[in-house]
Enquirer: 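Here you go, one structure.
Only a predicted model underlies this, so the values are computations on that prediction, with no experimental measurement involved.
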Amino acid sequence: MKKVLNLVMSSVVILLLSSCCTVFKGSKQSIKVVTNPPGATVEVDGIERGVTPLDLRIKKGFKGQTVVLKKDGYERRSFEPETTFDAVSIVNVFFFPGFIIDAATGAMMQYDPKAYELNLTKQAPVQATSTK
């Protein structure tokens, strides 16, 4: 009987401390990054993650992570994916601790749009200067 009671109580605690978005959607999301021309190196918060075109899995939050695109002969370009409120978080009205967890993990937000197509600009040629 004690084992059953412990199992039931553990289940109740887990249910009350769970959060809808964190459980159902997670605290990370994939976005598609495409560049023109392709083949740019993608860094997220200073860590290299691959080369475009790339399905990039990044942490969700109230502010998007900084994505930097680098390609030889082209200007460096950076952007922060746009975040919006994820309506699934509204279910947390029934489980208030879940709302706090979703807010803390950033799971109550989502990236929208989910695809980014960016044009890279060629670097200006370096002018040689002569000294007389």
Enquirer: Quick one: does Tyr111's side chain get under 4.5 Å of Thr83's, heavy atoms only?
Expert: yes
Enquirer: State, yes or no, whether a side-chain contact exists between Glu82 and Pro113 at a heavy-atom distance under 4.5 Å.
Expert: yes
Enquirer: Should we say atom CD of Glu75 is surrounded by more than 12 heavy atoms from elsewhere, each under 6.0 Å from it?
Expert: yes
Enquirer: Is the shortest side-chain heavy-atom distance between Gln29 and Lys114 below 4.5 Å?
Expert: yes
Enquirer: Would you mind reporting whether Leu56 and Val44 have side-chain heavy atoms less than 4.5 Å apart?
Expert: yes
Enquirer: May I ask you to say whether Lys70 pairs ionically with Glu43, meaning some side-chain N is under 4.0 Å from a carboxylate O?
Expert: yes
Enquirer: Work out which heavy atom in Lys63 is nearest to a heavy atom in Glu80; give both atom names and the distance.
Expert: CE-OE2, 3.2 Å
Enquirer: Answer yes or no: are there more than 12 heavy-atom neighbours, outside Asp72 itself, under 6.0 Å from its atom CG?
Expert: no
Enquirer: Any side-chain heavy atom of Val68 sitting closer than 4.5 Å to one from Thr66?
Expert: yes
Enquirer: Kindly determine whether Lys60 and Lys28 satisfy side chain to side chain contact (heavy atoms under 4.5 Å, CB included), including the steps that lead there.
Expert: CA-CA 5 Å; Lys60 296 191 283 184; Lys28 292 186 177 184; 5.7 Å; no
Enquirer: Is Val67 reachable from Leu120 through a run of hydrophobic residues whose side-chain heavy atoms are each under 4.5 Å from the next?
Expert: yes
Enquirer: So do the side chains of Tyr74 and Thr121 get within less than 4.5 Å of each other, counting heavy atoms only?
Expert: no
Enquirer: Looking only at non-hydrogen atoms, find the nearest pair between Arg77 and Asn119 and report the distance.
Expert: NH1-O, 2.8 Å
Enquirer: Does Ile58 belong to the same Ile/Leu/Val/Met/Phe/Trp/Tyr cluster as Phe79, with side-chain heavy atoms less than 4.5 Å apart forming each link?
Expert: yes
Enquirer: Hey, what do you get for CD (Gln110) to CD1 (Ile31), rounding to the nearest 0.5 Å?
Expert: 13.0 Å
Enquirer: Check whether any side-chain N or O of Arg49 sits under 3.5 Å from a backbone N or O of Leu54 as a donor-acceptor pair, and report yes or no.
Expert: no
Enquirer: Going by the rule side chain to side chain donor-acceptor pair (under 3.5 Å), which residues pair with Asp112 if we only count those two or more places apart in sequence or in a different chain?
Expert: none
Enquirer: Check whether any side-chain heavy atom of Leu69 lies under 4.5 Å from a side-chain heavy atom of Thr41, and answer yes or no.
Expert: no
Enquirer: Please report the shortest heavy-atom distance between Tyr116 and Pro81, naming the atom on each side.
Expert: OH-CA, 3.4 Å
Enquirer: The test is side chain to side chain contact (heavy atoms under 4.5 Å, CB included); show your working for Val34 and Leu118 and say whether it passes.
Expert: CA-CA 6 Å; Val34 177; Leu118 302 145; over 6 Å; no
Enquirer: When you compare the side chain of Pro53 with that of Val33, does any pair of heavy atoms fall below 4.5 Å?
Expert: no
Enquirer: Just by modelled atom types, is the Pro37 backbone N or O under 3.5 Å from a matching donor or acceptor in the Thr35 side chain?
Expert: yes
